[in-house]
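All ligand and atom numbering here is 1-based and tracks the order in the structure.
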Amino acid sequence: NSPVDIAPAYEGRASLEVDVEGGVSTLQLTKVTMEDSRLYQCSVRIPNDDEGTPIASTSVLVLPPSKPICTLQGKAEYYSDITLTCKSEEGSPAPTYQWASYSVDNIQRQFPLKTTEDGVLSLFNITRETSGFFICISQNNIGSASCNFTLAV
Ligand SMILES: *[C@@H]1O[C@H](CO)[C@@H](O)[C@H](O)[C@H]1NC(C)=O
Ligand SMILES: *[C@@H]1O[C@H](CO)[C@@H](O)[C@H](O)[C@H]1NC(C)=O
């Protein structure tokens, strides 16, 4: 029941609930980010008693997809074959990627959008009509993020 000393990185985000009678201590963290992914250790101190298991730890993993970075490989010119790559640097389980395409008038269009599992979209023999906005959504079961790539041919 002494004052809890909270490190700067956790100030305002960590709270501790200790139920001595029930033998339960709960550490609650809010606004968690990837930085909080680590082992958390709990130790129990009973004066004059060092039997048993005084220390245990558990791992916490916080990995929503980061905002994906969308890049173009190839030249955005007539009759080129190009690829658009979408990649979240962070995310676990590994994010899945999905591309959608909008015309310059911002109307969604049906392309044969061939996307590989790792977020690569191939476009063949591009023309002016290929121009528009290409949105990639990166998603895992913790969250999603997207990028918006403008292609001008
Ligand atoms: C690319 O498209 C143009 C016109 O749309 C067509 O004439 C040409 O044959 C196509 N090239 C390939 C490699 O498919
Ligand atoms: C993509 O960006 C363009 C240009 O900024 C914008 O007009 C369009 O609404 C955006 N699309 C989405 C789905 O965010």
Backbone or side-chain N or O of T150 under 3.5 Å from ligand 2 N or O: no
The answer for which part of Y79 has a heavy atom under 4.0 Å from ligand 1 is side chain
Under 4.0 Å from one or more heavy atoms of I135, ligand 2 contributes atoms 11 (N), 12 (C), 13 (C)
Could you check whether R13 pairs with D36 (Lys NZ or Arg NE/NH1/NH2 to Asp/Glu carboxylate O, under 4.0 Å)? yes
Under 4.5 Å between side-chain heavy atoms, counting indirect links through other Ile/Leu/Val/Met/Phe/Trp/Tyr residues: same cluster for Y102 and L151 or not? no
Under a 3.5 Å cutoff, is there a donor and acceptor pairing between the side chains of Q28 and T26? no
protein heavy-atom neighbour closest to atom 9 (O) of ligand 2 works out as N106 ND2, 3.0 Å
If you scan protein heavy atoms around atom 12 (C) of ligand 2, the nearest is N148 ND2, 3.4 Å
Regarding ligand 2, does Y102 bring an N or O atom to under 3.5 Å of one of the ligand's N or O atoms? no
Distance flag for atom 14 (O) of ligand 1, protein heavy atom under 4.0 Å
yes
**Asked** How about E35: does its CD atom have over 12 heavy atoms from other parts shown lying under 6.0 Å from it?
**Response** no
query = Does R128 use its side chain to pair, donor to acceptor, with the backbone of A152 at less than 3.5 Å?
reply = no
Original post:
Under 3.5 Å, is there a donor-acceptor pair between the Q139 and T96 side chains?
Top reply: no
Query - Heavy-atom protein neighbour under 4.0 angstrom from atom 5 (O) of ligand 2 - result: no
of all protein heavy atoms, closest to atom 11 (N) of ligand 1 is N125 ND2, 2.8 Å
Can a side-chain donor-acceptor contact be found between Q108 and S101 if the only test is distance below 3.5 angstrom?
no
Any protein heavy atom < 4.0 Å from atom 2 (O) of ligand 1: yes
